[in-house]
There are 2 protein chains.
Amino acid sequence: MATIYEVSKLAGVSLATVSRVMNNNTPVKESTRRKVLDAMAQLDYRPNSIAQSLASNRSNSIGVLVSELHGPFYGAMLTGIEAEFRAAGKHVIITAGHSDLATEQDGIDFLQSRNCDALILHVEAVSDDYLLQLAAGDTPFVLLNRHIPAIADRCISLNNELGGYLATRHLLQQGHRQIAYIAGPMWKTDARDRYHGHQRALAEYQLTADPALFFEGDFRETGGSKGLESLLQSGKTFSALVCANDEMASGAITAARELGLNIPQQLSVMGYDNVNFAYYTYPKLSTIDYPISAMGQMAARWVLREVYQQESNEVQQLFEPVLISRDSVLAAT
Amino acid sequence: MATIYEVSKLAGVSLATVSRVMNNNTPVKESTRRKVLDAMAQLDYRPNSIAQSLASNRSNSIGVLVSELHGPFYGAMLTGIEAEFRAAGKHVIITAGHSDLATEQDGIDFLQSRNCDALILHVEAVSDDYLLQLAAGDTPFVLLNRHIPAIADRCISLNNELGGYLATRHLLQQGHRQIAYIAGPMWKTDARDRYHGHQRALAEYQLTADPALFFEGDFRETGGSKGLESLLQSGKTFSALVCANDEMASGAITAARELGLNIPQQLSVMGYDNVNFAYYTYPKLSTIDYPISAMGQMAARWVLREVYQQESNEVQQLFEPVLISRDSVLAAT
DNA sequence: TTGTAAGCGTTATCAA
DNA sequence: TTGATAACGCTTACAA
């Protein structure tokens, strides 16, 4: 592999000049530039990005920490992020935090030790304080799907409370009054926010959430199926169910069918996220749209703007959920 | 950020000694080691991985190129890869090839320019010749889901033909004789292999594939739905359908339902891949298990063994698909 | 067992 | 507009 030194020799100029034409940040005489470019082509020269990083203190790499690498939600998010950076010639180092405190902190350490220019974090276990402290350090970062007022300028988030409200209000508007709820893990902010929205909608109809109709799931299919079974066993009747995400809704629907319940005739079900497969469940899932891919893209743009000074991009930080009405909800009889 | 120099000063030893305790590759007196470790702790020293890479000519990073970042298939694959590397302290740079020739080549260039120690490639558009040439270069790489005899030692693949055979044979054994087929894009090897397996199974029953019962899809839900509609319009009757992957099967099932077809009573459906959601479709999808997460893990181990000399890990390169029988297939009447 | 010093391939500061 | 040359933070002969 040719080095800048060989290029400079072949072109008959100094190292510095070669560097200048590469980075074209300093004027170089056209004829000199040509000589250098020719030499580069002739040697099939590729700059060593490691050496560039060491000298310039810039790695052109962005660390991304997500809870999981699989699942429709994270997939869409990563796609949004990678596409934006790829186009900008930056690259992404991806690691998983598994919603676990130690693993998340570890992941952040790991990414920092790789000299990332910036971090995009989708963290759940780590505390606000920890992040505040991280913000005092000198690795810039954006938070995805989390809102911390003190560093609101680094947060890209969805109004989850509103989404929770919309889901339940939809059911109420369809005449349902006994509404069960399968939540995400309640230590997660988004799970709590969604549930608060649920409560607010109920309150508007002079209703309160019945603890017997509440189940805390895990945001995964099995959480939905177990949740439904448990709710049914409570003995309380309910005509509608809201699940805090689509995966649990899918699990709940499958479990309901196995128990001989007709969806939506005997039970209306709402999901949340509008992940790709929501259209392909049976019945098609009514849900709340979470524009996670766009939000990932915005996180990338934030970095491009704040860290790499690419002013061109508009960055939207606050997103609003939208109700998607499909076939899993029926008016109450 | 403290450097190795400051550590050496504080510990009262030379740079080299500090380096030695970090890499513990050379014996260091226990008391010296302690002094160094203390100094490191005191300064909260973190080695600069960029400088390490430049000096050692090792980046400790592995480039991963997959077709997409989303979708259940790639999600599982990335999870398998990342978990293995994370445990080994290596990190992954992930980029997407989108099954497009230029984008894939570009991605490979990109990863090489980042000085990856090795590459894991899930490429579809790039030619065998191109890969053979790449193999002649000096960046080691493994191929996932692709088999090229000349470099078989770098390939981790599933016997896709066998899977296709198993899927169709299952239907034949259930008494089906008119079997439609929705394929993946036929320029992709795996799509072709699966189809060949289908043909072989038919041949065993003295049948041949009917072109009117063939549709070339795109491995996505919409391919399945469009495929089913198109097959139905052909006027030919069929009692079973095999789809070359689960996503198309899901799309086909949804479309069938909309057209008033009962699954599996009026139409049996087979999928392929056994992605996570296959258990949550209605009816539960009978499919062919593709252990993609394990295969991703093996690709990672291959790298660990071949590139980082970690001999400990066994690497399995050839995988066999297995039939998963669930509810979407019924015996022919 | 430890220290010295020469790289690794760039960028960036100064002069010229 | 160009050239010397000192960083950047570490690894690794080679000596001691």
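For the numbers below, each heavy atom of this structure counts, side chains included, while hydrogens, waters and symmetry mates do not. In what follows, chains carry the letters A, B, and so on, assigned in the order in which the sequence lines appear, proteins first and then strands, with residues in each chain numbered from 1.
- Here the two rings, on A/Tyr74 and A/His122, have centers that are under 6.0 Å apart.
- Rounded to an integer number of Å, the gap from OH of A/Tyr5 to C1' of C/dT11 is 18 Å.
- A/Ser157 and A/Gln317 form no side-chain donor-acceptor contact under 3.5 Å, judged by distance and modelled atom types alone.
- Counted by atom type alone, A/Tyr290 and A/Asn145 present one or more donor-acceptor pairs between their side chains at under 3.5 Å.
- Of the candidates C/dA12, D/dT11, C/dT10, the closest approach to any side-chain atom of B/Ala55 belongs to D/dT11.
- For the pair A/Asn115 CG and C/dT10 P, the interatomic distance rounds to 18 Å; values are reported in whole Å.
- Residue A/Ser14 has its side chain nearest to D/dG3 when only C/dA12, D/dG3, C/dT2 are considered.
- Counting to the nearest Å, the P atom of C/dG9 and the CZ atom of B/Arg114 are 17 Å from each other.
- In the set D/dT12, D/dG3, C/dT10, the nucleotide with an atom closest to the side chain of B/Ser19 is D/dT12.
- A donor-acceptor contact shorter than 3.5 Å links the side chain of A/Thr79 to the backbone of A/Gly75.
- Regarding A/Lys9, its NZ atom lies at a distance of 20 Å from the C1' atom of D/dT2, rounded to whole Å.
- Residue contacts for A/Ser53: at a heavy-atom cut-off of 4.0 Å it reaches no nucleic acid atom on any strand shown.
- Of the listed nucleotides (D/dC10, C/dT11, C/dT2), D/dC10 has the atom at the smallest distance from the side chain of B/Pro47.
- Residue A/Thr17 is in sugar-phosphate contact alone, with no base atom involved, counting any heavy-atom pair closer than 4.0 Å across all strands shown.
- Look at B/Asn23 and you'll find a side-chain N or O under 4.0 angstrom from OP1 or OP2 of D/dT11.
- Side-chain proximity of B/Thr3 to the nucleotides D/dT2, C/dG3, D/dG9 is greatest for D/dG9.
- In this structure, B/Val18 reaches neither bases nor backbone, as no heavy-atom distance under 4.0 Å exists between it and the strands shown.
- For the pair A/Ala16 and A/Ala51, both in contact range of DNA chain C, the more 5′-proximal nearest nucleotide belongs to A/Ala51.
- Going from atom CG of B/Leu15 over to atom P of C/dA6 covers 13 Å, rounded to whole Å.
- Between A/Ile4 atom CD1 and C/dT11 atom C1' there is a gap of 8 Å when expressed in whole angstrom units.
- A/Leu54 has its CG atom 13 Å from the C1' atom of C/dG7, to the nearest Å.
- Outside the 6.0 Å centre-distance limit, the rings of B/Phe73 and B/Phe219 are not counted as a close aromatic pair.
- Among the protein residues, B/Asn57 comes within range of no part of the nucleic acid, since none of its heavy atoms lies under 4.0 Å from any strand.
- Between A/Thr32 and D/dT2, a side-chain N or O to OP1/OP2 separation shorter than 4.0 Å is present.
- The distance between atom CG of B/Asn24 and atom P of D/dT12, rounded to the nearest whole Å, is 13 Å.
- The pair A/Arg146-A/Asp190 does not meet the salt-bridge criterion, since no charged nitrogen lies less than 4.0 angstrom from a carboxylate oxygen.
- Residue contacts for A/Arg46: at a heavy-atom cut-off of 4.0 Å it reaches the sugar-phosphate backbone alone, with no base atom in range.
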